[in-house]
Amino acid sequence: MPAPVREAIESASKHYVNLNELHAAVGKKIAALLGCEAALVTAGAASALTMGTAACVAGKDPEKIKRLPDTTGMKNEVIIPKEHRNGYDHAVRNVGVRLIEVETAADVDRVAGERTAMMLYFNHHGPEGKIPVEEFAALAKKHGVPSLVDAAADIPPIENYSRFLKMGYDLAVFSGGKVLRGPQCSGMLLGRRDLIAAAAANNNPQTDAIGRTNKVGKEEIVGLWAALEHFLRQDPAALWKEWEGRCATIAASVSKFPGVKTEVFVPLINNAVPHLKVTWDGKALGLRPDEAVKGLRDGEPRIEIRATLPDGLEIGVWMLEAGEAEVVGRRLAEVLRK
Ligand SMILES: *Cc1c(COP(=O)(O)O)cnc(C)c1O
């Protein structure tokens, strides 16, 4: 976490607050910074998925809020493109809803009805499905159903904080602990004022509510706000250059090995920042990628990478501190040399 985030956390740790007031006040600040109607700080993006769903299912009805995850008699179906199913949808299912899988717009027209509580889109999986992100929002509007987009890791570009809401989504979910470098256990639910108010009614610190197990401390609430302010003050072009520079530093330290190739790449949708791909001829070097991963993990300092490829590794550099790209380069060279 950058210094301003740590300072905000330290400062918040010294004061008593009314948590509901702090949630409302910081929500207002975040909404103003991002140009959306309302915002709620959650215990991670996964928690924002839970709280957004609870808002769509129970609203602000005290009886329904108490009863979740028992959704008997409530709207309790969530429509999701079949290809978008992934581990994070467990955070939605926690609310006691059933996921109804669809493939096409015609499927949505067929299954949307009075049991439908919400329509859920995982932006990262958009290209794998048949319904583009804009069309899904329009379909939800057509059926009068709230829509939620999970874009947890889809910053940069910064415009994405408001892009999906402008597109017609009622709620959008982002992580506080990824590129924002806020508290790892923080996230944001952004969107429609009435739904954010309903999410807050289902959230901690309310006791008899599904969000009570997703507590956000005053330190994280303030820390996330500070992280967002800090992030928005950065020059995106300068950050990008910095990330590319770290890739170049690591690449330079392994370029002397025969047959080792490096390439900077940017993932298409999520974590869309410069990463480094390092590949080699395993036979010539006598080293398999999984052996290289083990070597990096078992050394000092231990290094974890983004992904293992059939012929190499992918290395993420955007969370490194100054001087750490050099360390990664040195360790990778050690492993390749062996
Ligand atoms: C990382 C991620 C999450 C979870 O984020 P946390 O802030 O760790 O809870 C949810 N959805 C997607 C698509 C993610 O990439």
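In listed order, ligands and their atoms are each counted from 1. Basis for what follows: all heavy atoms, side chains included, without hydrogens, waters or symmetry-related copies.
Near Ala46, with a cut-off below 4.0 Å to any heavy atom, the atoms of ligand 1 are 4 (C), 5 (O), 6 (P), 9 (O). Under a 4.0 Å criterion applied to the non-hydrogen atoms of Gly44, ligand 1 contributes the atoms 7 (O), 9 (O). Listed by number with element, the atoms of ligand 1 under 4.0 Å from a non-hydrogen atom of Ala153 are 15 (O).
With respect to the salt-bridge test (charged N to carboxylate O, under 4.0 angstrom), the residues Glu291 and Arg288 qualify. With respect to Glu114 and Lys75, no salt bridge is recorded, no charged nitrogen being found less than 4.0 Å from a carboxylate O.
At under 3.5 Å, a nitrogen or oxygen of Asp150, whether backbone or side chain, sits near a nitrogen or oxygen of ligand 1. On a distance-only criterion, Tyr88 and ligand 1 share no N/O pair closer than 3.5 Å. Residue contacts with ligand 1: Phe122 is placed with no nitrogen or oxygen under 3.5 Å of a nitrogen or oxygen of the ligand (distance criterion only). Between Gly176 and ligand 1, not a single N/O pair is under 3.5 Å apart.
With sequence neighbours excluded, the residues that form a salt bridge (Lys or Arg N to Asp or Glu O under 4.0 Å) with Asp107 are Arg110.
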- Item | From CA spacing to verdict: ring pair (Phe, Tyr, Trp, His ring centres under 6.0 Å), Tyr161, Phe174 | CA-CA 8 Å; Tyr161 280 129; Phe174 296 96; 4.8 Å; yes
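Protein heavy atom closest to atom 8 (O) of ligand 1, with residue, atom name and distance, is Ser175 OG, 4.1 Å.
The shortest side-chain heavy-atom distance between Ile210 and Pro69 falls under the 4.5 Å cut-off.
With hydrogens and angles left out, the side-chain atoms of His124 and Asn86 include no donor and acceptor closer than 3.5 Å.
Checked by atom type and distance alone, the side chain of Thr308 never pairs as donor or acceptor with a backbone atom of Pro289 at under 3.5 Å.
Across the listed options His84, His124, Lys178, His125, Lys178 owns the non-hydrogen atom lying nearest to atom 14 (C) of ligand 1.
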